[in-house]
Protein chains: 2
Amino acid sequence: MDQLSRTFAALADPTRRDLVARLASGDASVAELAAPYAMSLQAVSKHLSVLERAGLVSKRREAQRRPVHLEAEVLAPVTDWLELYRRRAEDRYQRLDAVLAELAADEAYPQTAVFARPPRNNQPEGTNR
Amino acid sequence: MDQLSRTFAALADPTRRDLVARLASGDASVAELAAPYAMSLQAVSKHLSVLERAGLVSKRREAQRRPVHLEAEVLAPVTDWLELYRRRAEDRYQRLDAVLAELAADEAYPQTAVFARPPRNNQPEGTNR
DNA sequence: TAGGTAGTCAACCAGTTGGTTGATAACCCT
DNA sequence: AGGGTTATCAACCAACTGGTTGACTACCTA
């Protein structure tokens, strides 16, 4: 699985998002993190492993404790990806408005023209999971 | 499953992200979308259903075709969530720098003090899946 | 009206996920 | 040395995911 997929997948769980949210205001041990939830410590530990494999979190060692630290930088590529396509779709929308206005001014048959695009041929970054 | 989880989960797959990327530059039919991939039309149709349940995409009806349209607005809450915690962690990091500088100026034992936080007690938005 | 095209639905399968319990490791403190 | 904490590891389980194939529906067109 690629990095971006791992990050999105890691954040696709309410408990894990809550962990990230809490870690944003400071490091905490596994037991501290686990306390509020109605699930076993092991389950929380697993959630933290998922976050760790996604690079969202790191643990250092301090006696028996394993203080967890949020690595917030890795959120940046995710935001970038989202912004890229949000913006692109928005731009296209505005261009569409312009095109429609122009068509209306000319003579115009409806939106079918907008719809016929040259077939693209890009592969996804990696199709397997 | 909550909305945010559905959206993150929908984007946690390279094929689905590629679909979103391609749809950002214009609507397309299911067959058009499926063409580049080495998987069945049904598989792509399933991916589109996932995107649709997440609200990222809508289909209209046009003869036999089902042109798919990207609903880019729903990306906004995701970006918002990410930005909130990225920024919060960043702020804390800078505050930490300040604190450490001050401690160093005073006398200071290491970062253990930063570590002891009052135990929080918030539940995640919904723990079940 | 018959046939091709576009798409969905249903059943199935292997692998992953999110949780459980029990055992074990590593460390601090008497 | 022994006991209590903190955390991980391992085995297990039910539910979900991402893919397959086959059958079906809906529509256009000759």
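A, B, ... follow the sequence lines: proteins, then strands. Residue 1 opens every chain.
One finds a side-chain N or O of Ser45(B) lying less than 4.0 angstrom from the OP1 or OP2 phosphate oxygen of dT8(C). Regarding contacts with the backbone of dG18(C), a side-chain N or O of Arg16(A) is found under 4.0 angstrom from either OP1 or OP2.
Between the CG atom of Leu48(B) and the C1' atom of dA6(C) there is a distance of 13 Å, rounded to whole Å. At whole-Å resolution of the value, CZ in Arg66(A) and C1' in dT8(D) are 7 Å apart. The CD atom of Glu62(B) sits 19 Å away from the P atom of dA26(D) (whole-angstrom rounding). Separating the CG atom of Leu51(A) from the C1' atom of dG18(C) is a distance of 13 Å, rounded to the nearest angstrom. The separation between Leu33(B) atom CG and dT5(C) atom P is 19 Å, rounded to whole Å. As rounded to whole Å, 10 Å separates atom P of dT16(C) from atom CE of Met1(A). In this entry the distance linking CG of Leu41(B) with C1' of dG22(D) reads 14 Å, nearest Å. Summarising the geometry, the separation between CE on Met39(A) and P on dA14(D) is reported as 20 Å, rounded to the nearest angstrom.
Atom CG of Leu51(A) sits about 11.0 Å away from atom CZ of Arg17(A), to the nearest 0.5 Å. Taking CG of Leu75(A) as the reference point, atom CH2 of Trp81(B) lies at 7.0 Å (rounded to 0.5 Å). Taken from CG in Asp27(B) to CZ in Arg60(B), the straight-line distance is 5.0 Å, to the nearest 0.5 Å. Distance check, rounded to the nearest 0.5 Å: CZ of Arg86(B) to CG of Asp91(B) gives 9.5 Å. The distance from the CE atom of Met1(B) to the OG1 atom of Thr7(B) is 9.0 Å, given to the nearest 0.5 Å.
Side-chain contact check for Leu11(A) versus Leu82(B): some heavy-atom pair is nearer than 4.5 Å.
Under the 3.5 Å distance criterion, the side-chain polar atoms of Arg16(B) are matched with a main-chain donor or acceptor of Ala9(B).
Of the two residues near DNA chain D, Glu52(A) and Lys46(A), the one whose nearest nucleotide lies more 5' is Glu52(A). Two residues, Ala31(B) and Ser40(A), neighbour DNA chain C, and the one matched to the more 5' nucleotide by heavy-atom proximity is Ala31(B). Remark on DNA chain C: of its neighbouring residues Gln42(A) and Arg61(A), the 5'-side contact belongs to Gln42(A), judged by nearest-heavy-atom nucleotide. Nearest-nucleotide positions on DNA chain D place Lys59(A) closer to the 5' end than the other of Gln64(B) and Lys59(A).
Note on the helix from dT1(C)-dA30(D) to dT30(C)-dA1(D): angle between the axes of the first and last five pairs equals 20°, rounded to 10 degrees.
In the set dC28(C), dA7(D), dG19(D), the nucleotide with an atom closest to the side chain of Ala63(A) is dC28(C).
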